[in-house]
Protein chains: 2
Amino acid sequence: MNPTIKDVAKYANVSIATVSRIVNGLPGYSEDTKKKVQEAIEALGYQPNAIARGLINKRTQTIGVLFPEVSGMLSSEVLEGVENAAHDGGFSVIVCNTTSSGKRTVKYLRLLQEKRVDGIIFASEDVKEEYYKIFQEMKVPVVLVSTASSNYDLPFVRVNDFEGAFQATEHLIKKGHRQIGMIGGSRNDPIAGVPRMRGFKEALQKHSLAFSEDHITTNEGYRFQNGKESLPVLLKQLPNMTALFAASDEMAIGAMSAAHQQGIKVPEELSIIGYDNLKIAEMCYPALTTVSQPLKDMGQTAGEILVKLIKGEEKEAKSQFMPFTIVERQSVCDLRDK
Amino acid sequence: MNPTIKDVAKYANVSIATVSRIVNGLPGYSEDTKKKVQEAIEALGYQPNAIARGLINKRTQTIGVLFPEVSGMLSSEVLEGVENAAHDGGFSVIVCNTTSSGKRTVKYLRLLQEKRVDGIIFASEDVKEEYYKIFQEMKVPVVLVSTASSNYDLPFVRVNDFEGAFQATEHLIKKGHRQIGMIGGSRNDPIAGVPRMRGFKEALQKHSLAFSEDHITTNEGYRFQNGKESLPVLLKQLPNMTALFAASDEMAIGAMSAAHQQGIKVPEELSIIGYDNLKIAEMCYPALTTVSQPLKDMGQTAGEILVKLIKGEEKEAKSQFMPFTIVERQSVCDLRDK
DNA sequence: GCGTTTTACGTAAACGTTTACGTATTTCTC
DNA sequence: GAGAAATACGTAAACGTTTACGTAAAACGC
């Protein structure tokens, strides 16, 4: 099969220890032998076997990344960042698509455990006790991205959802809107659901605007369809609404689509602000004003933290809140102009 | 550290060979010992070490997937399919983001070679000689997805781009359009560029419609911006155009956006048909009529073929053309109604 | 009940590395 | 130029499995 270190050693007339030293840049050989060995490596096309290395070093140079949905636009941008950081740090990444299923997640974690990955990135989902136990068993660093855990002490990389929602809402208020609705997520979702709704509510209250349950619709998911179906409901609850905040870009665009269908002009008759700044946000018409999460950066940062943790360059990693910005595009109009 | 097979053997008072047999479901032990060993495994929380296994079996149960861009919506859907098939077949997938760079691609291939992956999926890019050489060195099966290679004999999973473009164009013709333009890809792109332009051209010719270079704009990429910038150009070349075919959904939506800005009504004044059927196609307004590539299925199929090839269930894999369909939404109007 | 086959194990080599330790040779020190 | 220190290697064990081979006991056939 593939040439091994033994073949190289034989070809170059040295011991395998010497070859290993040369390959790994350790000291202990003359320039002459180094050249000889390098020629042998070249001649045979030798590639060190990472599996054998992993066995003895107890390091696989591989990390696992768990996403609830790989093909989601949110996930894919985060993934790109993670992959980038991992690669720069000399690690490969194994992707795992949990489909938000506990069973599948556990199965994947077991797999990653068997494969002896050096670390784990866990994205966009709540950390169940079951998972945390496995993390502990595995004794590898874990970093959370786009999520956080109240029960367990795990470093995370995310934006402050409360603040993001608060400022998104304030943005609408500053533009002169007074009747503002929200298309929210789930009340059971402690990460993207509750804090964003709280941010919305408190922004209204800060500016002494009325708030009631009628100002919000909740949804199971954060998808286009959820937003599309929510708009009519919200409109019924809050007939003279002039602006709305959607807890995700997909929902915002869904609402926009529903508005188009009903002949409601965006932004003239209804302003919409989203959350995420997915690539589609600038592709829709009118381009969506939204709270920008630096998704790729978040992935990248999470990857970098994990790599440092694995390499032992940092002992206890600090969690990190990433800055968000409000990207003004065309889906919000300024009422004060009129 | 983690308990090994030795620990289990000691705990259960048997040899490691017996433990191995039980773990792998091979014959050669009594029910009694089996129970004893299983209890030991349970008690110690033993997990077999996939690295050690890989070393001796020369199988890592891992495949590598190379994408030009992980966060592209096209890639991410394909990836989901691949991951799904791989997982079902008992394989993990390592993602590699080549960013269309030859250097990076080679670097990744070397890495995958060192990691001894059992197979490779190569997506959306042309297979350079350099890559093919490494494929051969690695002696692992390779399957192409959403691309093909004219120079090398590698199985692929893709749709017939010529046919897709041809039918997309015919769709416009059937709807009564006579002045049809195209926003195309690159003339140097043998997979998504040339065939789609040829399909467009031949469809026009079949229906005896005029065709000249002015009917097409070419682009370096297939992105939103490309489409957005192409529309004005195309409009200048073909002022009384009533419909256009874009070689990607992103470009189609870019063109749609440019049309909105210029006050051109879609589809009333300009019909647009795209290519890909990304998730965004149904999210934009008006929802995009497009040629649907079954991206997730393509990934899945490619994954399944690769797994079969690895397991030796199939010797020489047949390439596969996947069916495409034209998904009619709202971006194309029927001129014959008027 | 004796020979033969089957069953139920155990022993040890192998997979391809890394690395602690040992040793012969060279270089230095004075 | 003798002893010490440094250099340039080689030997062999270890990592955690699988598996070919060997062997004692059990089951079978008659």
Side-chain angles (χ1 to χ4, degrees), chain A residues 1-38 40-41 44-62 90 110-111 113-118 138-139, chain B residues 1-38 40-41 44-62 90 110-111 113-118 138-139:
Chain A
M1 281 291 271
N2 280 318
T4 76
I5 199 171
K6 275 185 192 171
D7 301 321
V8 176
K10 200 169 290 175
Y11 190 99
N13 252 327
V14 296
S15 75
I16 59 172
T18 300
V19 178
S20 175
R21 279 188 275 259
I22 289 168
V23 169
N24 293 296
L26 300 171
Y29 46 82
S30 67
E31 277 303 310
D32 266 13
T33 46
K34 180 175 177 182
K35 198 189 274 182
K36 253 198 318 184
V37 169
Q38 279 172 339
I41 288 173
L44 300 175
Y46 168 71
Q47 292 278 127
N49 183 327
I51 301 300
R53 275 185 168 169
L55 183 56
I56 194 145
N57 292 334
K58 289 156 177 314
R59 273 288 193 81
T60 52
Q61 302 295 107
T62 305
R110 290 291 174 206
L111 200 79
Q113 187 176 18
E114 289 194 13
K115 291 236 161 110
R116 300 298 194 262
V117 295
D118 299 328
M138 291 178 74
K139 299 184 190 88
Chain B
M1 282 289 268
N2 280 318
T4 74
I5 198 172
K6 276 185 192 171
D7 302 321
V8 176
K10 200 168 291 173
Y11 190 99
N13 252 327
V14 297
S15 74
I16 59 172
T18 300
V19 178
S20 174
R21 278 188 275 259
I22 289 168
V23 168
N24 294 295
L26 301 171
Y29 46 82
S30 67
E31 276 304 308
D32 266 13
T33 46
K34 181 176 177 181
K35 197 189 276 181
K36 253 199 317 185
V37 168
Q38 279 173 339
I41 288 174
L44 300 174
Y46 168 72
Q47 292 279 128
N49 183 326
I51 302 301
R53 274 186 168 169
L55 183 57
I56 193 143
N57 291 335
K58 289 156 176 316
R59 273 287 193 80
T60 53
Q61 302 295 108
T62 305
R110 290 292 174 205
L111 199 80
Q113 187 175 19
E114 289 193 13
K115 291 235 161 108
R116 300 298 194 262
V117 295
D118 299 328
M138 292 178 74
K139 298 184 193 91

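Numbered from 1 within each chain, the chains take letters A, B, ... in sequence-line order. Below, each value reflects all heavy atoms present in this structure, side chains not excepted, and no hydrogens, waters or symmetry copies.
Taking the side chain as every heavy atom from C-beta outward, A:V23 and A:Y46 approach each other to under 4.5 Å. The side-chain heavy atoms of A:K115 and B:T62, taken from C-beta on, include a pair separated by under 4.5 Å.
Contacts of A:R59 classified as side chain to side chain donor-acceptor pair (under 3.5 Å), with partners at least two apart in sequence or in another chain: none. With sequence neighbours excluded, no residue forms a side chain to side chain donor-acceptor pair (under 3.5 Å) with A:N49. Judged as a side chain to side chain donor-acceptor pair (under 3.5 Å), and not counting sequence neighbours, the contacts of A:N24 are A:S20, A:R53. A:Q113 is linked by a side chain to side chain donor-acceptor pair (under 3.5 Å) to A:R110, A:E137, counting only residues two or more places apart in sequence or in another chain.
Between B:S30 and C:dT7, a side-chain N or O to OP1/OP2 separation shorter than 4.0 Å is absent. Side-chain nitrogen and oxygen atoms of B:K58 include none within less than 4.0 Å of the OP1 or OP2 phosphate oxygen of C:dA14. For the pair B:T4 and D:dG16, the criterion of a side-chain N or O lying under 4.0 Å from OP1 or OP2 is not met.
For the pair B:N2 CG and D:dT17 C1', the computed distance is 14 Å after rounding to whole Å. In this structure, A:E31 atom CD and D:dA8 atom P are separated by 9 Å, rounded to whole Å. Counting to the nearest Å, the P atom of D:dT17 and the CD1 atom of B:I22 are 14 Å from each other. One atom, NZ of B:K6, and another, P of D:dT17, lie 10 Å apart when rounded to the nearest Å. Rounded to a whole Å, the NZ atom of B:K115 is 16 Å from the C1' atom of C:dG16. Computed from coordinates, the A:D7 CG to C:dT17 C1' distance equals 13 Å when rounded to whole Å. Summarising the geometry, the separation between CD on A:Q61 and C1' on C:dT17 is reported as 14 Å, rounded to the nearest angstrom. The CZ atom of B:R116 sits 11 Å away from the C1' atom of C:dT17 (whole-angstrom rounding).
Rounded to 10 degrees, the angle separating the terminal helix axes of the helix from C:dG1-D:dC30 to C:dC30-D:dG1, each built from five base pairs, is 20°.
To the nearest 0.5 angstrom, A:I22 atom CD1 is 12.5 Å from A:K35 atom NZ. Within the model, atoms CD of B:Q47 and CG of A:L111 stand 9.5 Å from one another, a figure rounded to the nearest 0.5 Å.
Nucleic acid contact for B:Q47: sugar-phosphate only, since backbone atoms but no base atoms lie under 4.0 Å from a heavy atom of the residue.
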Sequence neighbours excluded and cut-off under 3.5 Å, please list the side-chain donor-acceptor pairs for residues 2-12 of chain B, or say none.
unit_1, atom_1, unit_2, atom_2, d
B:T4, OG1, B:K6, N, 3.1
B:D7, OD2, B:T4, N, 2.8

Which atom pairs link the protein and nucleotides 18-20 of chain D when you take only N or O atoms and keep those under 3.5 Å?
unit_1, atom_1, unit_2, atom_2, d
D:dT18, OP1, B:N24, OD1, 3.2
D:dT18, OP1, B:N24, ND2, 3.0
D:dT18, OP1, B:R53, NE, 3.0
D:dT18, OP2, B:S20, OG, 2.5
D:dT18, OP2, B:N24, ND2, 3.2

